[in-house]
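As the structure lists them, so they are numbered: ligands from 1, and atoms in each ligand from 1. Only a predicted model underlies this, so the values are computations on that prediction, with no experimental measurement involved.
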Amino acid sequence: MSHVMNTYARLPVAFTHGEGVWLHDETGKRYLDALSGIAVNTLGHNHPRLVKAIADQAARVLHTSNLYGIPLQERLADRIAELAGMDEVFFCNSGCEANEAAIKLARFHGHRKGIEVPHIIVMENAFHGRTLATLSATGNRKAQAGFEPLVQGFIRVPYKDMGAIRQVAEHNHNVVAVMLEMIQGEGGVNVADEAFQRELRALCDERGWLLICDEVQCGMGRTGTWFGWQHAGAKPDVMTLAKGLASGVPIGACVTAGLAKGLFGPGNHGSTFGGNPLACVAALTTLDTIADDGLMQNAVAVGEAIRRGMAEALEGVQGVVDIRGRGLMIGIELDRPCGVLMGRAAERGLLISVTAERVVRLLPALTYTTADAQTLVSMLAPLVREFLAQG
Ligand SMILES: *Cc1c(COP(=O)(O)O)cnc(C)c1O
């Protein structure tokens, strides 16, 4: 019996090492990685520049404490603030922690305005994490079941539904923020159109609400801009980052601007590990490499090649509902549950995920080449075709 708690339905595969966009297992078989540890391995596996930066830092110092100054954290905060055009960064270790900080900021903002029971509007099919508050904000009843009482103060509306948000605004004067993913990841790769994003920004301005963008999955250059909200220019007051920020070293960040700037002072929030020198070096190297190697432009071109390739290969195939996404965040929606495809793909040496039951999700490293894209299409399209042909 395994002593690891049984919280995941794992495939019977374990990897020994990686090489760019490929992973090798214990038997010597290799796998094309189109999942990147769920949007984490931004630079693929064992990227030489990242390996060197981490090794050099490990030889100097791994961790000190937020009781002291951390110059690398200062540098990383400057860099993120510059890329986002935002002001302050709080560092933690994961996406849910970054969102916890965002939720606390929203409540703090409310209390400052004299709203004692602040409410946050959240979306159907949203995913914000597994801690109690972020689970409560997540729009998935199955994930919440059995953990009641949930954290109070969230109001749920359908994704991208401006009318529903306006209706809440009219009747509920305790709203202090709207929290959403501009591109939903776990929810099935659903993209909020730019008109909606701008209208939402305008409504938040009008009402004095914080706009909170969860960029944990769609951020970090994956969609062709540093952050997903930059496609529409609807800059949030709070933005959260994690997953791909340090290419595999755990880190999270909660970034503020506008009404959210300057809310927290000493004692309001904290983290033991958050923003330690090792994680900050990994994040700085990730950001520098994305910029120096043109990886955002690459994400746009390669993402387009994958979508086009899959569309051509699956043309006229019954059961393909939609092929969508932005850059290297891609969803292929089928007309039936297709979770079995993950295992079948792995058998053939391809790593993908299925989310929202019916959506094949691809999150390749930003270092994918168009040749890698072709390999991916040539492996995945026949698999989908065969699966759908079985009826
Ligand atoms: C993965 C994810 C989270 C949770 O991140 P953890 O690091 O697992 O806590 C939150 N929001 C979004 C959009 C995510 O994709």
Side-chain angles (χ1 to χ4, degrees), residues 5 7-10 35-42 90-106 120 122-140 143-144 147 151 154 156 159-160 177-192 197 211-223 225-231 236 238-255 271 273-276 279 282-283 286 325-331 352-356 359 361-364:
M5 198 179 283
T7 57
Y8 305 98
R10 298 175 197 267
L35 182 62
S36 310
I38 317 184
V40 168
N41 303 107
T42 303
F90 172 82
F91 290 104
C92 48
N93 314 285
S94 65
C96 61
E97 279 179 77
N99 287 333
E100 285 279 341
I103 292 164
K104 284 179 70 175
L105 275 167
I120 300 173
V122 291
M123 305 290 134
E124 286 177 6
N125 299 315
F127 185 79
H128 297 300
R130 298 285 199 163
T131 60
L132 269 175
T134 60
L135 180 68
S136 306
T138 288
N140 180 341
Q144 294 170 338
F147 299 109
V151 173
F154 295 102
R156 200 167 304 284
Y159 190 51
K160 302 187 276 192
V178 181
M179 180 174 184
L180 80 167
E181 301 147 90
M182 289 307 193
I183 304 177
Q184 288 186 333
E186 303 306 304
V189 191
N190 306 311
V191 184
Q197 295 186 34
L211 176 58
I212 303 174
C213 287
D214 179 343
E215 291 274 336
V216 169
Q217 193 161 147
C218 67
M220 296 309 298
R222 175 160 293 284
T223 69
T225 51
W226 285 107
F227 311 110
W229 58 263
Q230 287 176 326
H231 290 284
V238 183
M239 163 174 85
T240 57
L241 298 172
K243 291 202 164 90
L245 176 54
S247 294
V249 178
I251 190 170
C254 179
V255 189
S271 165
F273 288 123
N276 82 12
T286 301
R326 217 162 206 168
L328 287 173
M329 190 165 175
I330 298 170
I352 58 168
S353 84
V354 170
T355 190
V359 182
R361 179 179 46 167
L362 307 175
L363 297 163

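- The proximity of His128 to ligand 1, defined as any non-hydrogen pair under 4.0 Å, is limited to the backbone.
- Within the listing of ligand 1, atoms 15 (O) sit less than 4.0 angstrom from a heavy atom of Gln217.
- Below 4.0 Å from some heavy atom of Ser94 lie the following atoms of ligand 1, by number and element: 7 (O), 9 (O).
- Protein heavy atom closest to atom 11 (N) of ligand 1, with residue, atom name and distance, is Asp214 OD2, 2.7 Å.
- Formation of a donor-acceptor pair under 3.5 Å by the Ser36 side chain with backbone atoms of Ile38 is not found in this model.
- Listed by chain and number, the residues in a side-chain contact (heavy atoms from CB on, under 4.5 Å) with Glu124 are Arg156, Pro158 (sequence neighbours excluded).
- At distances below 3.5 Å, not a single donor-acceptor pair connects side-chain atoms of Glu181 with backbone N or O atoms of Cys218.
- One N or O on the side chain of Glu215 and one on the backbone of Gly228 form a donor-acceptor pair closer than 3.5 Å.
- Remark: the backbone N or O of Thr42 is not paired with any side-chain donor or acceptor of Lys243 at under 3.5 angstrom.
- Applying the side-chain contact (heavy atoms from CB on, under 4.5 Å) test between Phe127 and each of Thr134, Asn140, Thr138 identifies Thr138 as the sole match.
- In terms of protein heavy-atom proximity, atom 5 (O) of ligand 1 is closest to Gly95 CA, 3.3 Å.
- Of all heavy-atom pairs spanning Pro236 and Cys213, the tightest one is CB-SG, 3.7 Å.
- For atom 15 (O) of ligand 1, the nearest protein heavy atom is under 4.0 Å away.
- Checked against a 3.5 angstrom limit, the closest N/O atoms of Ala242 and ligand 1 fall outside it.
- Residue contacts with ligand 1 for Cys96 involve both N, CA, C or O and side-chain atoms from C-beta outward (heavy atoms, distance under 4.0 Å).
- The shortest contact between atom 1 (C) of ligand 1 and any protein heavy atom is with Lys243 NZ, 1.5 Å.
- In this structure, the side chains of Val178 and Met123 come closer than 4.5 Å at one or more pairs of heavy atoms.
- Close contacts of ligand 1 with Glu181, meaning ligand atoms under 4.0 Å from a residue heavy atom, involve 13 (C).
- Contacts between Asn99 and ligand 1 below 4.0 angstrom, taking non-hydrogen atoms only, involve the side chain exclusively.
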